[in-house]
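Values below: every heavy atom of this structure, side chains too, minus hydrogens, waters and symmetry copies. The sequence lines fix the lettering, A, B, ..., with proteins before strands; numbering per chain opens at 1. Just so it is clear, the structure is predicted and the values come from calculations on it, not from any experiment.
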Amino acid sequence: MSQKLVLIDGNSILYRAFFALPLLNNEKGVYTNAVYGFTTMLLRILEEEKPTHLLVAFDAGKTTFRHKTYTEYKGGRQKTPSELSEQFPLVKELLESFEISHYEIDQFEADDIIGTLSKSAKQDDMEVKVISGDRDLLQLVDKDVNVSLTKKGVTNIENYTPDFLEEKMGIRPDQVVDMKALMGDSSDNIPGIPGVGEKTAVKLLNQFGTLESIYENMDEVSGKKLKEKLENHKDDAFMSKELATINRDSPVTVKLTDVTYDGYPSQKVLGLFKELGFHSLLTRIDGGEAETEEQADALEDIDFTVIEDVKSDMFTGEDALFVEMLEEHYYYGTILGFGVVNNQGHYFIPTVAALESDVFKNWAENKDKKKFVFDAKRVTVALKRKGIDIKGLSFDMLLASYIINPAENHHDVPSISQRMNYHNLSYDEEVFGKGAKQKVPESEVLSEHVVRKANAIFHLKDQIVEKLKENDQQRLYTELELPLATVLGEMEYYGVKVDTNRLNEMGEELKERLDTLEQEIYELAGERFNINSPKQLGVILFEKLELPVIKKTKTGYSTAADVLEQLKDKHEIMPKILLYRQLGKLQSTYIEGLLKVVDEDEQKIHTRFNQALTQTGRLSSTEPNLQNIPIRLEEGRKIRQAFVPSNENWVIFAGDYSQIELRVLAHIAGDEKLIDAFRNNQDIHTKTAMDVFNVSEDDVTSNMRRQAKAVNFGIVYGISDYGLSQSLGITRKEAKAFIEAYFESFPGVKKYMDEIVKEAKQNGYVQTLMNRRRYLPEINSRNFNRRSFAERTAMNTPIQGSAADIIKKAMIDLAARLEEEKFEAKLLLQVHDELILEAPENEVEQLQQTVLDVMVNTVQLDVPLKVDFAHGTTWFDAK
DNA sequence: TTATGCACGC
DNA sequence: GACGTACGTGCATAAT
């Protein structure tokens with residue numbers, strides 16, 4: 001029987017896997033992406049190659065015998081990221097559970113081990129397969145030794161036979177080292193001959209065969225320049241050849257008989273996979289499938305009581321409560337039931353039994369009875385709808401989970417529990433199904449699931465609070481997010497009054513104008529088409545009308561506004577299309593979109609603020625999004641005329657922070673010039689222009705101010721030089737110069753930016769004023785884009801996030817003051833740096849005092865906070 | 001149902 | 001010099 005030896009280049013594959021896969025970590029927070037990639041590759045090799053002998057070779061240490069030849073060997077290499085180096089012990093553990101040999105020798109590289117063993121295997125008439133990501137190994141290729149290189153990712157591999165290699169590279173396997181001697185290799189810091197690339201090297205080798213032969217026949221080398229280069233770097237070339245040559249006689253002590261392989265112990269491997277969190281790989285192991293299914297079903301039994309008549313002694317005052325709802329929209333949604341768990345028992349209370357019970361209501365409304373819930377705001381609003389004003393919400397699993405890591409995008413009870421290594425419940429998807437198949441299960445299944453969720457909250461609460469303490473985020477949680485949930489809940493429940501007549505009126509007008517435009521566009525295009533389809537529009541503009549193509553998307557021509565803007569003068573149709581787009585957006589999103597969500601009875605809109613979503617700590621708003629109602633263009637701004645007070649003689653009142661992000665920046669960066677500018681109440685964009693362009697205040701042109709404003713915008717939102725160049729319509733180089741001039745003008749800001757990136761690289765996260773965290777796993781990425789993105793995020797998040805913290809605190813303070821001082825005024829909306837309220841006309845003056853006091857004094861920074869006010873009979877008029 | 005392009009706000 | 005560029009939500013289209 002033929003024997004087959006598979007040799008795996010462990011370092012190479014792990015590196016490949018690490019950079020190819022996103023930086024996953026398992027529930028214990030250990031990074032496993034490289035090990036995961038390695039494992040998928042390994043499983044595939046085992047299935048496809050069925051080796052009789054198997055060994056994984058690793059590099060030993062920092063120095064190798066090659067460093068004696070050339071101390072700079074592999075110089076200039078980035079240090080291995082800690083997220084990767086911590087995975088080496090894991091992969092060795094993995095190999096041990098698979099009972100696969102691994103091996104390394106001091107002073108030698110994995111290549112040399114592989115070279116040596118493949119040589120002895122050949123002598124024993126074995127077939128050899130080498131797996132690596134390193135092209136150097138190709139020198140080993142011959143009729144008995146095939147080398148498979150990873151192409152993209154780790155499981156996608158390409159097998160090199162001598163023929164394939166020749167076809168692909170234009171040289172024979174034994175010329176691979178000569179090739180490298182000529183070309184060099186920047187990743188190993190092998191010099192080669194400067195100016196000789198792949199093309200020249202192949203040409204020379206085809207002509208002369210080997211490096212030696214080139215130098216023996218120098219007369220025949222064509223080209224004076226090339227000859228010169230070869231002569232000047234002869235020593236380098238021969239040294240490079242020596243460095244690139246794999247040592248096939250390394251002092252390998254392991255014998256082929258030591259590396260025989262006849263499979264792995266399934267149970268052991270399965271155990272490790274579970275430990276590592278490789279759930280998707282379980283089915284690829286023999287016996288894995290049955291095991292996991294069994295496991296999935298094997299939730300521990302849970303005894304619970306279905307309550308028909310709520311009694312007060314079932315509550316202890318420290319109860320976990322889970323409210324299950326059918327729809328996501330909890331203002332209109334149906335309550336499916338309540339799960340209650342405390343240290344006395346587990347209960348399911350059917351909706352009717354709870355809502356008709358005074359005992360339940362009394363318990364809910366008693367602030368001294370502590371409730372541990374998931375999504376306090378949802379619970380608040382849903383129960384308010386049923387006439388219950390729940391109090392004493394002392395723990396919210398959703399908010400806590402969001403604070404611990406906002407990057408996690410599954411903040412539901414089962415997912416959070418899984419992450420905390422608590423598995424005694426199913427995923428909602430398993431119970432309710434998904435998509436069109438979604439439905440409420442039979443009542444026993446439902447009630448058990450609801451109780452299990454309450455149970456998970458009850459059991460994990462202390463652990464989660466502990467984690468918050470560990471990260472010094474307890475105040476952020478108890479003093480900011482938790483009380484804010486109540487404030488936001490009241491805002492959502494109260495809603496915003498909408499004048500639907502006004503919306504309909506505007507809709508009529510828009511419809512007429514759109515119809516006219518549509519006809520005109522068809523006329524000019526010479527045919528009817530769907531103007532709303534970027535694909536069809538692209539064909540008309542760039543093929544039929546032959547307008548110049550300025551930008552392409554991955555699917556075709558770009559028809560984005562900035563492109564159309566550039567074509568505005570090229571064809572009569574362009575301004576019409578731009579206007580059609582603008583009006584079409586108003587019609588579909590704002591007129592029709594808003595009308596769809598107005599409550600018929602109240603004529604109010606109840607948006608929902610998502611308090612656990614954004615990576616920076618800002619809120620978001622959905623169904624509808626009331627944080628992006630048009631304001632920039634007059635036409636769109638009129639939509640705001642439809643947002644009106646809910647009582648007669650009331651007004652819409654708005655207070656917005658002026659330049660809050662730049663003020664926060666001045667504070668955290670401690671930049672003296674920026675701080676002075678704000679203390680002196682200077683126009684910050686003019687001030688920036690003065691410093692960046694080095695002119696006096698009187699010489700700042702409106703164009704300079706506009707550019708300075710864009711730079712400030714860039715600083716606040718963390719855009720790149722490319723982003724700035726786009727927004728100003730200048731080259732990237734010019735944009736870069738602007739940014740540099742800015743940093744020169746505000747050295748404190750520059751210093752902050754450098755330090756925060758350094759801090760992020762060290763800690764792996766950045767923080768806001770109130771200790772909100774954002775983890776940046778890609779801050780040390782080798783990929784330029786990913787790294788740059790993480791760096792900009794590091795600079796930007798503390799600014800945006802701190803501003804978010806501040807306005808959140810202001811909202812809590814304001815809600816308290818409005819109540820204390822018995823205002824009738826109500827908070828309606830928050831739009832990142834502004835608060836929208838409605839109030840009786842006669843409260844306006846007093847209200848302005850109070851809102852000013854709260855917003856300006858809610859935190860003390862090294863610069864003053866400034867707030868602007870406006871009010872009017874509609875939101876439009878509050879300007 | 002899902003992905004893509006586009007546009008609105010801060 | 002690569003590469004694709006803040007954070008969100010929602011609409012329409014087109015492919016699945």
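Distance CD1/Ile540(A) to CG/Leu547(A): 11.0 Å, rounded to 0.5 Å.
A cation-pi arrangement, defined by a distance under 6.0 Å to the six-membered ring centre and an angle within 45 degrees of its axis, is absent between Arg608(A) and Tyr331(A).
Using a 4.0 Å heavy-atom cutoff across all strands shown, Gln726(A) reaches no nucleic acid atom at all. Backbone-only contact: Leu613(A) has heavy atoms under 4.0 Å from sugar-phosphate atoms and none from a base. When heavy atoms are screened at a 4.0 angstrom cut-off, Ser621(A) is found touching the sugar-phosphate backbone but no base atom. Note on Leu586(A): nothing from the nucleic acid sits closer than 4.0 angstrom, heavy atoms only.
Nearest-nucleotide positions on DNA chain C for Glu623(A) and Arg774(A) put Arg774(A) closer to the 5' end.
When the side-chain nitrogen and oxygen atoms of Ser558(A) are compared with OP1 and OP2 of dC6(B), one or more of them lie within a distance under 4.0 Å. Between Arg581(A) and dA7(B), a side-chain N or O to OP1/OP2 separation shorter than 4.0 Å is present. Proximity of Thr559(A) to the phosphate of dG5(B): no side-chain N or O atom is located under 4.0 Å from OP1 or OP2. For the OP1/OP2 pair of dT4(B) and a distance below 4.0 Å, the side-chain nitrogens and oxygens of Lys535(A) include no atom meeting the criterion. OP1 or OP2 of dG8(C) has not a single side-chain nitrogen or oxygen of Gln800(A) nearer than 4.0 Å. Between dC7(C) and Thr614(A), no contact under 4.0 Å exists linking OP1 or OP2 to a side-chain N or O. Contact check, Asn530(A) against dT13(C): a side-chain N or O comes under 4.0 Å of OP1 or OP2. Considering only side-chain N and O atoms, Thr616(A) lies nowhere under 4.0 angstrom from the phosphate OP1 or OP2 of dC7(C).
In this structure, the nucleotide among dA14(C), dC11(C), dG5(B) sitting nearest to the side chain of Gln536(A) is dA14(C). Among the nucleotides dT9(C), dC8(B), dC11(C), the one closest to the side chain of Ser588(A) is dC11(C). Of the candidate nucleotides dG8(C), dC8(B), dA12(C), dA12(C) has the atom lying nearest to any side-chain atom of Asn532(A). Residue Glu834(A) places its side chain closer to dC10(B) than to any other of dC10(B), dC8(B), dC6(B). When each of dC10(B), dG8(C), dA7(B) is scored by its nearest atom to the side-chain atoms of Ala561(A), the top-ranked nucleotide is dA7(B). Checking dT9(C), dC11(C), dC7(C) against the side-chain heavy atoms of Thr622(A) singles out dT9(C) as nearest. Of the candidates dA6(C), dA7(B), dT5(C), the closest approach to any side-chain atom of Lys585(A) belongs to dA7(B). For Asp833(A), taking side-chain heavy atoms from C-beta onward, the closest of the listed nucleotides dC10(B), dA7(B), dT13(C) is dC10(B). Across dA6(C), dG9(B), dA7(B), the shortest atom-to-atom separation from the side chain of Ala560(A) is found for dA7(B). For Gln582(A), counting side-chain heavy atoms from C-beta on, the closest listed nucleotide (dC6(B), dT4(B), dC8(B)) is dC8(B).
Atom-to-atom, CG of Asn785(A) to C1' of dA6(C) comes out at 15 Å; the value is rounded to the nearest Å. Rounding to whole angstrom units, CD of residue Gln830(A) and P of dT9(C) are separated by 14 Å. Taking atom CG of residue Leu541(A) and atom P of nucleotide dC6(B), one finds them 11 Å apart after rounding to whole Å. Rounding to whole angstrom units, CG of residue Asn796(A) and C1' of dC7(C) are separated by 8 Å. Taking atom CZ of residue Arg608(A) and atom P of nucleotide dG8(C), one finds them 17 Å apart after rounding to whole Å. Rounded to whole Å, atom P of dC10(B) lies 20 Å from atom CG of Leu665(A). In this structure, Leu514(A) places its CG atom 12 Å from P of dA12(C), rounding to the nearest Å. Computed from coordinates, the Phe784(A) CZ to dG1(C) P distance equals 12 Å when rounded to whole Å.
Under a 3.5 Å cut-off, the side chain of Arg774(A) and the backbone N or O of Ala794(A) do not form any donor-acceptor pair.
Taking atom P on both nucleotides, dT5(C) is separated from dT4(B) by 12 Å, rounded to a whole Å. dA6(C) and dT2(B) have their P atoms separated by 25 Å, with the value rounded to a whole Å.
For Glu512(A), the salt bridge (charged side-chain N to carboxylate O under 4.0 Å, His left out) criterion is met by no residue, not counting sequence neighbours.
Ring centroid separation for the pair Phe738(A) and Tyr742(A) does not come in under the 6.0 Å cut-off.
No hydrogens or angles were tested; on distance alone, a donor-acceptor pair under 3.5 Å links the side chain of Arg618(A) to the base of dC10(B). Taking 3.5 Å as the limit, the base of dG4(C) and the side chain of Arg787(A) contain no donor-acceptor pair of atoms between them. With hydrogens and angles left out, the side chain of Tyr717(A) and the base of dC10(B) share a donor-acceptor pair within 3.5 Å. In the interface, the side chain of Ser720(A) is paired with the base of dT5(C) through a donor and an acceptor atom under 3.5 Å apart.
Checked by atom type, the side-chain pair Asp683(A)/Thr686(A) shows a donor-acceptor distance below 3.5 Å. Looking at Tyr427(A) and Asp412(A), their side chains never bring a donor and an acceptor atom within 3.5 Å of each other.
Pairs passing the ring-ring contact (aromatic ring centres under 6.0 Å, His included) check and including a residue from residues 784-810 of chain A, sequence neighbours excluded, do not occur.
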- Note on the structure: A correct dot-bracket answer for DNA chain C, with pairs being Watson-Crick or G-U at under 3.5 Å, [ ] for crossing pairs and | for inter-strand pairs, is ......|||||||||.
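Environment of NZ in Lys761(A): crowded, with over 12 heavy atoms of neighbouring residues, nucleotides or ligands closer than 6.0 Å.
A salt bridge is absent between Arg581(A) and Glu565(A); no separation between the charged side-chain nitrogens and carboxylate oxygens falls under 4.0 Å.
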